[in-house]
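In what follows, chains carry the letters A, B, and so on, assigned in the order in which the sequence lines appear, proteins first and then strands, with residues in each chain numbered from 1.
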There are 2 protein chains.
Amino acid sequence: MSKCEQCIIRQFNALRALQKDDLIRLSGCKTTHTIKKGEIIFEEGDNVNGVYCIKDGVCKLSKLSANGKDQIVKLVVRGDLLGQRSLISDEAANLSAVAINDMQVCFIPKHEIIHDLTHNINFSVDMLKDMAEELKLADKVIVDMAQKSVKQRLAETLLYLQTNFGEDDNGFLNIVLTRDDYANIVGTATESAIRILSQFKKEGLISTEGKQIKIENSKALKLIE
Amino acid sequence: MSKCEQCIIRQFNALRALQKDDLIRLSGCKTTHTIKKGEIIFEEGDNVNGVYCIKDGVCKLSKLSANGKDQIVKLVVRGDLLGQRSLISDEAANLSAVAINDMQVCFIPKHEIIHDLTHNINFSVDMLKDMAEELKLADKVIVDMAQKSVKQRLAETLLYLQTNFGEDDNGFLNIVLTRDDYANIVGTATESAIRILSQFKKEGLISTEGKQIKIENSKALKLIE
DNA sequence: AAAAAAATATGATATTTATCAGTTTTTAGT
DNA sequence: ACTAAAAACTGATAAATATCATATTTTTTT
């Protein structure tokens with residue numbers, strides 16, 4: 001089993017603030033898990049009882065709305081923590097987490113995190129900084145949802161995926177989402193998302209091969225209105 | 001000048017975690033301000049250099065979108081802190097803050113807050129809890145924006161104002177917003193907000209007298225779809 | 001490899017929301 | 001109290017988006 005002291009992933013989140021002895025303690029109580037694509041990590045209302053540190057893979061954080069549609073609020077990726085919001089508020093999960101592809105995660109029990117939060121001020125301040133960044137991003141999403149068209153949001157989502165996940169040797173986005181996921185990220189009907197992607201394809205902005213998407217003209221995508 | 005040690009407002013925010021000697025120190029460096037309705041407290045891009053503790057009044061936190069419309073992200077009220085997000089991230093303001101009615105605020109310089117954040121773990125954890133709560137609310141707004149109709153959002157906004165600001169002796173909401181503000185909260189065109197309010201009036205769900213709004217049938221408002 | 005299921009795609013149409021243009025009412029300033 | 005400006009309102013129309021129906025393609029299961 002890998003050791004927290006030697007894990008480089010922690011540099012990407014608040015765990016970077018921990019010292020060697022803390023990390024050794026974490027190593028002793030953490031559990032490592034493989035999560036298959038499509039598996040539910042936790043659902044709204046679940047007691048999470050700890051924090052996941054994402055070593056590899058991606059999951060979607062979503063919330064079920066009254067009309068039965070899932071809204072994806074955030075993609076959680078390698079290096080991110082998962083579950084810290086609920087842990088800090090000491091509440092059941094507010095969002096559901098579902099794996100988008102195969103994942104490797106470490107689970108750190110709640111009491112260990114609480115211990116560090118209440119004894120290591122660097123850790124709590126770093127956690128606070130991470131949370132402040134998340135809040136800023138959430139505010140941006142609110143404004144985009146309220147003021148931009150579905151087409152603009154879908155174009156931005158594609159560009160976001162390009163910059164954050166990169167492209168493979170053939171130029172396809174390094175993350176594969178269903179059309180339904182795209183719809184649930186931009187907040188529209190699945191048919192609408194499909195239609196707009198088809199339109200982008202016709203206009204030569206993207207090309208597709210099954211679920212895979214290649215961005216052909218990112219400049220034009222940025223100019224969509 | 002009033003003293004932080006005796007101020008009850010701090011019970012509503014993270015400042016509750018501070019001890020008497022910290023509060024006396026704050027009292028010595030804080031400044032008290034009266035802000036008139038419509039005045040700008042800070043704008044996107046400004047360096048805020050501290051945190052405002054709202055003693056009275058309400059302000060809107062908004063962001064200008066590309067199409068020139070302001071999106072109101074949050075109403076900041078008595079007891080709330082203002083400016084802490086930017087301070088923690090050590091960035092210029094991400095949102096603008098404008099007074100919706102006359103306000104009384106205390107301004108606490110940045111270095112004092114930083115001092116407490118890095119020396120008082122109860123304070124940083126409390127700040128973290130407040131921020132986690134804000135993030136949860138922001139996530140809810142994202143889902144509402146994405147999945148609910150303008151009419152639903154406007155109905156919910158009215159109910160939110162009723163529960164959070166209450167009503168005066170005549171039954172009018174204890175907060176007065178312009179139709180433009182309503183539009184900027186729900187993320188729609190001003191005319192659309194006006195039109196829906198008119199419709200609510202015709203249906204007997206609300207009544208109005210100038211800018212003042214009275215909720216006549218909250219049960220029916222909850223059932224809007 | 002065949003069958004079943006799921007996902008993608010497209011057309012037709014309905015509904016929602018934005019935009020433009022103009023009127024009336026309210027508010028603020030002198 | 002009068003005037004100018006701002007805000008609220010309404011109608012007509014255009015544009016965006018959702019919904020329903022159905023066909024096709026892709027993926028999964030047997």
Report the nucleotide, chosen from dT17(D), dA9(C), dC20(C), that has the shortest atom-to-atom distance to any side-chain atom of T188(A). dT17(D)

In terms of heavy-atom contacts, does NZ of K214(B) have more than 12 from other residues, nucleotides or ligands at under 6.0 Å? yes

To the nearest Å, how far apart are I196(B) CD1 and dC9(D) C1'? 14 Å

Starting at the 5' end of DNA chain C and moving along, which residue's nearest nucleotide shows up first, A146(A) or R195(A)? R195(A)

Both R153(A) and G210(A) contact DNA chain D. Taking the nearest nucleotide for each, which residue is further toward the 5' end? R153(A)

How many whole angstroms separate atom CG of N184(B) from atom P of dA18(C)? 12 Å

Return the minimal non-hydrogen interatomic distance between A193(B) and L154(B), and the atom names on each side. O-CD2, 3.7 Å

By nearest atom, which of the nucleotides dC9(D), dG11(D), dT10(C) is closest to the I194(A) side chain? dT10(C)

If you only use heavy atoms from C-beta on, which nucleotide in dT8(C), dC20(D), dT10(D) is closest to the side chain of K211(A)? dT8(C)

Give one of base, sugar-phosphate or nothing for K148(A), where a contact means two heavy atoms less than 4.0 Å apart. nothing

Atom-pair distance (CD1 on I213(A); P on dT8(C)), nearest Å: 9 Å

In whole Å, what is the span from the CD atom of Q152(A) to the P atom of dT17(D)? 9 Å

Is the shortest side-chain N/O distance from S192(B) to OP1 or OP2 of dA18(C) below 4.0 Å? yes

Could you please name the option among dT19(C), dC9(D), dT17(C) that lies closest to any side-chain atom of S198(B)? dC9(D)

Let me know the distance between CD of Q147(A) and P of dT17(D), rounded to the nearest Å. 13 Å

Please report the distance, rounded to the nearest Å, between CG in L154(B) and C1' in dT16(C). 14 Å

Counting only side-chain N and O atoms of T190(A), is one of them less than 4.0 Å from OP1 or OP2 of dA7(C)? no

Nearest to the side chain of K201(B), which nucleotide is it out of dT19(D), dG11(D), dC9(D)? dC9(D)

Looking only at side-chain N and O atoms, does K151(B) come under 4.0 Å of OP1 or OP2 in dT17(C)? no

Minimum heavy-atom distance A132(B)-I88(A), with the two atoms named: CB-CG2, 3.9 Å

Is there a donor in the side chain of N67(B) and an acceptor in the side chain of S65(B), or the other way round, less than 3.5 Å apart? yes

I need the CD-P distance between E225(B) and dT15(C), as an integer number of Å. 14 Å

Of the listed nucleotides (dG11(D), dA8(D), dA21(D)), which one gets closest to any side-chain atom of E191(A)? dA21(D)

Which nucleotide in dA9(C), dC20(D), dC9(D) has an atom nearest any side-chain atom of R179(B): dC9(D)

Round to a whole Å and report the spacing from CD of E209(A) to P of dT26(D). 10 Å

Can you see which heavy atom on L81(B) is nearest to which on M127(B), and at what distance? CD1-SD, 4.2 Å

Please say whether more than 12 non-hydrogen atoms of neighbouring residues, nucleotides or ligands are located less than 6.0 Å from NZ in K110(B). yes

